[in-house]
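Here is the structure we will look at, set down as structure tokens.
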Amino acid sequence: MWLFVLFFVAICLYTYVPLWRWKNRPPGPFVFPMMGSLPSLGRADSMALEFPYRAMHRLSKQFGPIMSMALGQDMWVVLTGLEEIKAFTMMDETVARPNLKSLYEIYSFDKPLGVIFPDGPLWKEQRKFMTRTLREFGLGKQTMEDHIQEEIKFSIQYLKRQATQDGNRVVPMQDFFNLPCLNVIWRLVCGRRFDYEDQRLAQLIEHMETFTMEQAIGPIAGISFLKYIPPFRQIYHKIKAQMDIFKGFLRQFVQDEKASLPSDFDRGYIDSFLRAQAKGRVSGDYFTDEQLIIFVQDFFTGGSGTMSKTLAYAFLYMINHPDAQTRARKEIESVLGDRDEVTLEDRPSLPFVEAIVMEVQRLSSVLPIAPPRIPTKDIWIGNHLIKKGTQVQINLYSLHRNETHWTDPEDFKPERFLDDHGQLKSHDEWLQPFGYGKRKCLGETVAKLTVLLFLANFLATFRFSRIPETAPLSVDPVGGLTIGPQKFSAQVEIIKKT
Ligand code: HEM
């Protein structure tokens, strides 16, 4: 009995002494010994484990745009307001990541490599290298657009085959854009694409989605002891096995690219990296094979799934909102005239299509929480102190569902981004699907271009509708780090034969 009381007192002291010492701590739900704030999260949202960002968003209505809470024994600060997120993400002291040991075991040879997870000089230099190399590869320039257009043509033919193969025109859509989007990334990486029938492509996506779409990956990454406890233990080993195969594939691919490196031009990102490695350019330490493998893996996990899930959601909303689909098609047809293909040049004449993309990005929030950060010294956001070393979550979903800023935030209303003349309003700062500040997404340009061109060209070629006598499609998401729509099918009518 006394032992139990002693244990209880020790646990309480361990939990509450740091909290008493933390003056000006952001407000937040009650912290229980061992369990932290989990009971409050559970009360705010009965599906808090599946949708932690939604539970945090609901709690923020009670506690405000900057909250503190405990997950297990660790204290976290959660940012949900625009001013707080802006202030935090613009500081040099807030670009560091926490030590997500279990995640690095799964993802990157036991240490933070690539560009998404490291910090310090490695991150700084590799982010600079990635930014420069992507620019050289024509992000926003013609070459990039040509690659995307070519992929659009292949995928339009692919959808035509699927829509006509058994006569009923019904096509499962939730994963349709996985292959084309992986190819957009693959082009950036090595200048080539896979055939859609190539089994390696499907396998790569399967390995990757075991990681990005696993609900438990957040808790496993954030709470290090979970990997020893069932059912997280099994999940940890399953994801690790899949990611080991993925990395094995990339390792072999990098070796093959090294062996066939052209002397006078770069086929893609890998070649640029290998050339920097060979020259010992910049700081040679960071240009290792392992760094390259995880760099390429970052392209896929950060870029491919996020674009394909955004596109899947775009078509889901088009099916649920046939009036918006018709209006978008009219706009596209008036721009196209006799031409076949919507291009980047048409963008200024497609305000409604662009507004649809923005509204889909707002509602889908495919990366609802940015990867976590830790301040490297005590920082102040308004009157609140975030202590050095506290884990910080940036809840982008909350920005997108803020009830004070957005009218009817749960509703699909692309018009909210248009002015009285039907033109796009200037940028709305509350829409931040790519994050904000010093670690903002590096693929924003390619992602925006890909989503817009796919959507416009597909709407010009096909009409998408709900299968007769079925209910409106659910917009509820599935997934983990990245989220996407549940399984859904569309009736696909070909309206342009060429
Ligand atoms: C619709 C598509 C996309 C969305 C919604 C998205 C969203 C995001 C978000 C929210 C972050 C975290 C920002 C932060 O930590 O504050 C991020 C980081 C990143 N994204 Fe994207 N992304 C998309 C597409 C892409 C693409 C296509 C690429 C690659 C070509 C890419 C590469 C990256 C990289 C490398 C980072 C890490 C940046 C860093 O930590 O310094 N993303 N992205």
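Atoms within a ligand are numbered from 1 in the order they appear, just like the ligands themselves. This chain uses plain numbering: 1 for the first residue, then up along the sequence.
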Contact check: [X] vs ligand 1, nitrogen or oxygen atoms, below 3.5 angstrom:
X: Gln361; value: no
X: Tyr436; value: no
X: Thr310; value: no

For [atom], the protein heavy atom that lies nearest, with its residue and separation:
atom: atom 15 (O) of ligand 1; answer: Arg373 NH2, 3.5 Å
atom: atom 12 (C) of ligand 1; answer: Pro371 CD, 3.7 Å
atom: atom 13 (C) of ligand 1; answer: Arg439 O, 3.3 Å

*Kindly indicate whether the side chain of Phe462, heavy atoms from C-beta on, has any atom under 4.5 Å from the side chain of Ile156.*
yes
*Are side-chain heavy atoms of Trp186 and Phe300 found at a separation under 4.5 Å?*
yes
*Within 45° of the ring axis of Trp406 and under 6.0 Å from its six-membered ring centre, is that where the NZ or CZ of Arg362 lies?*
yes
*Would you tell me which option among Leu442, Thr445, Thr306 has the nearest heavy-atom contact to atom 3 (C) of ligand 1?*
Thr306
*Going by heavy-atom distance to atom 10 (C) of ligand 1, choose the closest among Gly305, Cys441, Pro372, Pro433.*
Pro433
*Just let me know how Arg97 lines up against ligand 1, side chain, backbone, both or neither, with a heavy-atom cut-off below 4.0 Å.*
side chain
